[in-house]
Amino acid sequence: MRYILLAMLLVGCTAKEEKKVNTFYYIDPSVIEYVLDYERDIRSIGLELQNDNVSFSVIVGRLPIRVAGIAIGMMNDKAVNVVLNVAIWDSLSKAEKKALVYHELSHDVFGLRHGTCDLMSGSLREITDDMVKELLDTLTKQQN
């Protein structure tokens, strides 16, 4: 009788355990500093870069000509997957690279669309402190 009771307790305990989701991460080494800057900036307003993601990647790869980046995971709440065009990435200044990463992550993580704020205009240029402030204000308003 004790063994049956013990077995029932063990089965009951294991059935209630929640499965921990393992997230696949890959961030291209040339992009890490910009992703960390983005994470720091959004944390300053109480937001997180990832929630229930099972995939989080920011890579530099091949895209069609004139496409600087694409937020593949934009419509997927379980994935953040950004691809940056290697041909364009290699020719950008640090401020342009930062703007591109912020732009694509804002699409993918928060679903921001073109025209939402200056950084989300769709044209590639150097990021400014005013652009970051406006982005953070936009995200704050979106969350409220």
Item checked: Derivation and outcome, side-chain contact (heavy atoms from CB on, under 4.5 Å), residues Ile59 and Leu84 -> CA-CA 6 Å; Ile59 65 168; Leu84 308 170; over 6 Å; no
Checklist line | Residue pair Trp89, Val31: steps toward the side-chain contact (heavy atoms from CB on, under 4.5 Å) verdict | finding: CA-CA 10 Å; Trp89 181 259; Val31 178; 3.8 Å; yes
Margin query: Going by the rule ring pair (Phe, Tyr, Trp, His ring centres under 6.0 Å), which residues pair with Tyr38 if we only count those two or more places apart in sequence or in a different chain?
Written below: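 So Tyr38 forms a ring pair (Phe, Tyr, Trp, His ring centres under 6.0 Å) with Tyr102.
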Next item on the list: Tell me, please, which residues at least two apart from Tyr25 pass ring pair (Phe, Tyr, Trp, His ring centres under 6.0 Å).
Entry: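 Only Phe56 meet the ring pair (Phe, Tyr, Trp, His ring centres under 6.0 Å) criterion with Tyr25.
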I'd like to know if [X] pairs up with [Y] as an ion pair, taking the criterion as any Lys NZ or Arg NE/NH1/NH2 lying under 4.0 Å from an Asp or Glu carboxylate oxygen.
X      : Y     : result
Glu126 : Lys98 : no
Asp37  : Lys94 : no
Arg125 : Glu96 : no

Checklist line | Same apolar cluster (I L V M F W Y, side chains within < 4.5 Å links), Leu47/Val101 | finding: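 Yes.
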Check: Is it the case that one hydrophobic cluster holds both Leu49 and Val132, taking links as side-chain heavy atoms less than 4.5 Å apart, direct or via other members?
Finding: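 In one cluster: yes.
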Anything under 3.5 Å between a donor and an acceptor, one on a side chain of residues 64-81, the other on a protein residue two or more places apart or in another chain? List them.
| from | atom 1 | to | atom 2 | distance (Å) |
| --- | --- | --- | --- | --- |
| Asn76 | OD1 | Lys78 | N | 2.8 |
| Asn81 | OD1 | Ser55 | OG | 2.9 |
| Asn81 | OD1 | Ser57 | OG | 2.7 |

Checklist line | Rounded distance (nearest 0.5 Å) linking atom CD1 of Ile88 with atom CG of Leu100 | finding: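 The CD1 atom of Ile88 sits 8.0 Å away from the CG atom of Leu100.
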Less than 4.5 Å apart, side chain to side chain, heavy atoms only: is that true for [X] and [Y]?
X      : Y      : answer
Leu139 : Leu112 : yes
Leu63  : Val86  : no
His103 : Met120 : yes

Next item on the list: Provide the full list of side-chain hydrogen bond (donor to acceptor under 3.5 Å, both in side chains) pairs with a residue in residues 135-144, sequence neighbours left out, each pair given once.
Entry: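 Checked against side-chain hydrogen bond (donor to acceptor under 3.5 Å, both in side chains) - neighbours excluded - the pairs reaching residues 135-144 are Lys133-Asp137.
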Margin query: Can you confirm whether the side chains of Ser30 and Asp28 place a donor and an acceptor under 3.5 Å from each other?
Written below: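 Distance-only check passes for Ser30 and Asp28.
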Next item on the list: Kindly give the heavy-atom pair with the smallest separation between Leu136 and Ile45, and that separation in Å.
Entry: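 So the minimum-distance heavy-atom pair works out to O-CD1, 3.5 Å.
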Note to self: For Glu134, give me all partners under salt bridge (Lys or Arg N to Asp or Glu O under 4.0 Å), at least two apart in sequence or on another chain.
What the structure shows: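 With neighbours one apart ignored, the set is empty.
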Next item on the list: Return each pair, listed once, that meets salt bridge (Lys or Arg N to Asp or Glu O under 4.0 Å) where at least one residue sits in residues 53-64; pairs must be two or more places apart or across chains.
Entry: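 For residues 53-64: none.
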